[in-house]
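Written out below as C-alpha cells is the structure these notes cover.
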Number of protein chains: 2
Amino acid sequence: MPKPRVPRPTAKRLSLYLRELEAQQDRGQPTSSSKQLGTALGLTDAQVRKDLAIFGQFGHPGIGYKIPELIAQLRKILGTDRSWNAAIVGAGNIGRALMPYARFRRKGFEIVAVFDSDPAVIGSVIAGHKVRPMSDLPQLVRERNILIGIIAVPAAAAQQVADALIKAGVKGILNFAPIRLEVDHHVSVDSVDFLLSLEQLAFQVSLGLAGSLDERDGE
Amino acid sequence: MPKPRVPRPTAKRLSLYLRELEAQQDRGQPTSSSKQLGTALGLTDAQVRKDLAIFGQFGHPGIGYKIPELIAQLRKILGTDRSWNAAIVGAGNIGRALMPYARFRRKGFEIVAVFDSDPAVIGSVIAGHKVRPMSDLPQLVRERNILIGIIAVPAAAAQQVADALIKAGVKGILNFAPIRLEVDHHVSVDSVDFLLSLEQLAFQVSLGLAGSLDERDGE
DNA sequence: CGTTGTGAAATGATTCACAGCT
DNA sequence: AGCTGTGAATCATTTCACAACG
C-alpha cells in the first residue's frame with residue numbers, strides 16, 4: 001500500500017464512513033454495503049465504493065464490507081488507530097468549552113496541555129487542566145510529544161500563536177480564529193469558523209425558499 | 001439581477017472576500033484588486049474575478065474594486081445587510097461558549113432566545129440570556145421572528161431538535177452535533193464538526209511531512 | 001500601463017454501467 | 001441474486017490567456 005492520491009472531498013468523507021460504521025456496529029450489524037453507507041450519509045453507492053477502493057480492496061462481492069475489518073482499516077488510514085496528544089491555546093470561551101469535551105479522548109485525542117497569555121487565568125484549573133503561561137509552550141510541546149495544536153485565541157493573536165506552536169514542533173493546527181493562517185507546507189491547518197458558517201446560512205436562506213443554490217444538503 | 005447559479009465553493013469564498021475587504025478598509029485602503037484579494041486569501045486572481053463576476057460587474061479596469069462599493073454589494077448578496085434573529089438550543093458547553101460571542105451581533109446575528117431541556121438549567125441566566133424550556137420554542141420562534149437555529153445538543157437529540165425548529169418556522173440550522181441532519185429541501189443546514197476536523201488533521205499529519213494530499217493549505 | 005470580465009482549455013470529482021466474484 | 005471495483009462518460013470547478021477598458 002504505497003501512497004495513493006487522495007482527493008480532498010474523499011478525505012473528508014472517510015471520517016464520515018468511520019462514524020457511520022461505528023454506529024452500525026453498535027447496532028449489532030456485522031456487515032454493511034456501499035448502498036447502505038451511502039443512504040445513511042446522503043451519498044451514492046458508487047461514491048462510497050470509489051472512495052474506499054482508493055486504499056485497497058476491502059469489500060466482499062455479494063456480501064458488502066465486514067464492519068470490524070473496515071473500521072480497523074479506516075482507523076489505520078485516518079491515523080486514529082493511535083492516540084494523539086494535543087494542546088489548547090486560549091482559555092477563553094471556546095477553549096473552556098473544548099476542555100471538558102469527553103468525546104475527544106474517546107476518539108483518540110488527548111488534551112495534555114492548556115496555555116493562555118492572561119495572567120488572570122494562568123495557574124487556574126479548568127475541567128482538570130491547569131492553565132500555563134505561553135512561555136512554557138516550547139518545552140511542554142516537546143516533552144509531551146504534542147503534534148496537534150488547537151488555537152482558540154482572538155484573531156489578532158492567532159498567527160503568532162500558530163508560529164509559536166509550529167516552532168515548538170506541532171504538525172497540525174485546528175484553528176478556531178476567523179483568520180487564514182500562513183504556515184509552512186509541512187504543517188496542516190484545518191479551520192472551524194462558525195461565523196463563516198452562519199453567513200453561509202444567511203446566504204442560503206436569503207436566496208429564498210426556491211434557492212438557486214444546489215438542492216443537495218449543505219452538510 | 002435575477003438569480004445566478006452560484007457554485008458552492010464560490011458561496012464559501014464570498015464570505016472570505018467580505019472579511020478581507022473589511023480588513024483592508026480598516027487599514028484605510030480605498031480600492032483592492034483581484035490580485036491583492038487573491039494573495040491575501042491564498043487564491044488566484046482569476047478565481048476572485050470569476051467569483052465576483054457572477055453577480056455583476058463590480059470592478060473598474062485599471063483600478064480594481066472600490067472597497068466600500070464591493071463591501072456593500074457583498075453584504076447584499078450574502079444577506080448580511082440586514083439583521084438575523086437566531087436561537088440557541090442547548091445550554092451545555094458549546095451553547096454556553098456561543099452566547100457571549102460578541103462578534104455575532106457585530107456581524108448581524110442576534111441571539112434572541114436560548115432553550116434547553118434540562119430542568120436544572122431552565123430559568124437560569126447565562127451571559128444575559130434566560131434559558132427557556134423546549135415547550136416555549138414554537139411560540140418564541142414565531143414571536144421573535146427567528147429564522148436561524150443553532151443546535152448545540154448531544155447527537156442523540158439533534159434530529160428531534162431540528163424537527164422542532166423547522167416545524168416552528170426556522171429556515172436555517174447551524175448544527176454543532178456530529179450527525180447528519182435529515183431536513184426538508186427548503187431548509188438549509190450547515191454543520192460545524194470539530195471532531196471531524198481533528199480527524200482530518202490526524203489524517204494529514206500521519207500522511208507524513210511529504211503528504212500525498214494536495215500541497216495547498218488545508219484551509 | 002494595470003486590471004477587469006470572459007470564452008476556451010485543463011483539471012478534478014462524481015456518476016454510470018457493467019464485468020466479475022461469491 | 002447481490003454486491004464490489006473500475007473504466008468511460010458526465011458534470012463541475014479552476015486556470016489560462018487575452019481583448020477591451022480607463
Side-chain angles (χ1 to χ4, degrees), chain A residues 1 4-14 16-17 20-21 24 29-67 69-70 73-74 77 211-219, chain B residues 1 4-14 16-17 20-21 24 29-67 69-70 73-74 77 211-219:
Chain A
M1 206 189 324
R5 280 271 162 308
V6 185
R8 294 235 252 153
T10 296
K12 292 226 181 78
R13 286 190 296 264
L14 255 24
L16 298 176
Y17 298 146
E20 177 60 24
L21 285 162
Q24 293 183 1
Q29 233 177 278
T31 66
S32 192
S33 68
S34 56
K35 185 92 182 295
Q36 197 177 359
L37 277 168
T39 40
L41 296 168
L43 307 167
T44 66
D45 52 337
Q47 178 83 86
V48 176
R49 291 199 299 277
K50 261 264 152 76
D51 283 344
L52 296 176
I54 289 177
F55 302 95
Q57 310 209 153
F58 307 139
H60 305 275
I63 308 292
Y65 300 88
K66 294 179 182 166
I67 290 184
E69 186 180 307
L70 186 51
Q73 289 287 356
L74 284 174
I77 291 164
S212 59
L213 198 57
D214 255 346
E215 295 276 315
R216 279 173 291 161
D217 277 2
E219 176 88 9
Chain B
M1 210 188 326
R5 281 272 160 310
V6 184
R8 292 234 252 153
T10 296
K12 292 226 181 80
R13 286 190 296 265
L14 255 23
L16 297 177
Y17 297 147
E20 177 61 25
L21 286 162
Q24 293 184 0
Q29 232 177 281
T31 67
S32 192
S33 68
S34 57
K35 185 90 180 296
Q36 197 178 0
L37 278 168
T39 41
L41 297 169
L43 307 167
T44 65
D45 52 336
Q47 178 83 85
V48 176
R49 291 199 298 278
K50 262 263 152 74
D51 284 345
L52 296 176
I54 289 176
F55 302 95
Q57 311 207 154
F58 306 140
H60 304 275
I63 307 294
Y65 300 87
K66 295 181 183 167
I67 291 184
E69 187 181 307
L70 185 51
Q73 289 287 356
L74 283 174
I77 291 165
S212 59
L213 197 59
D214 255 347
E215 293 278 313
R216 279 173 290 160
D217 279 1
E219 174 87 10

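As the structure is a prediction and not an experimental result, all values here were calculated from the model.
In this entry the distance linking CG of L52(B) with P of dT3(C) reads 15 Å, nearest Å. Rounded to a whole Å, the CZ atom of F55(A) is 15 Å from the C1' atom of dG5(D). Atom-to-atom, CZ of R8(A) to P of dT11(C) comes out at 18 Å; the value is rounded to the nearest Å. Atoms CD1 (I67(B)) and P (dT3(C)) sit 13 Å apart, rounded to a whole Å. Atom CZ in R5(A) sits about 10 Å away from atom P in dG12(C), given to the nearest Å. Distance I54(A) CD1 to dT14(C) C1': 12 Å, rounded to the nearest Å. For F58(B) and dT3(C), the CZ to C1' distance is 17 Å, given to the nearest whole Å.
Not counting sequence neighbours, the partners of T44(B) by the side chain to side chain contact (heavy atoms under 4.5 Å, CB included) test are A46(B), Q47(B). For Q29(B), the side-chain hydrogen bond (donor to acceptor under 3.5 Å, both in side chains) partners are Q24(B), Q36(B), not counting sequence neighbours. The side chain to side chain contact (heavy atoms under 4.5 Å, CB included) test applied to P61(A) returns no partner, not counting sequence neighbours. Annotation: side chain to side chain contact (heavy atoms under 4.5 Å, CB included) contacts of P30(A) (sequence neighbours excluded): none. Partners of Y17(A) by side-chain hydrogen bond (donor to acceptor under 3.5 Å, both in side chains), not counting sequence neighbours, listed by chain and number: D51(A).
In the set dA13(C), dT13(D), dG5(D), dA13(C) carries the atom at the smallest distance from any side-chain atom of P7(A). Out of dT14(C), dT6(C), dG5(D), the shortest distance to the side chain of Y65(A) is found at dG5(D).
Of the side-chain N and O atoms in R13(A), one or more sit less than 4.0 angstrom from OP1 or OP2 of dT14(C). Checking the phosphate oxygens (OP1, OP2) of dT15(C), a side-chain nitrogen or oxygen of Q47(A) falls inside 4.0 Å. Taking 4.0 angstrom as the limit, Q57(A) places none of its side-chain polar atoms (N or O) nearer than this to OP1 or OP2 of dG5(D).
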Got a list of protein N/O to nucleotides 16-22 of chain C N/O distances below 3.5 Å?
unit_1, atom_1, unit_2, atom_2, d
dA17(C), N6, R49(A), NH2, 3.3
dT22(C), O4', P61(A), O, 3.2

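For residues 57-66 of chain A, there are no salt bridge (charged side-chain N to carboxylate O under 4.0 Å, His left out) pairs, not counting sequence neighbours. Sorted by first then second residue, the salt bridge (charged side-chain N to carboxylate O under 4.0 Å, His left out) pairs that include residues 34-48 of chain A, not counting sequence neighbours, are D45(A)-R49(A).
Shortest non-hydrogen contact noted between S32(B) and I67(B) is N-CG1, 3.8 Å.
DNA chain C lies under 4.0 Å from at least one heavy atom of each of the following residues of residues 31-38 of chain B: S33(B), S34(B).
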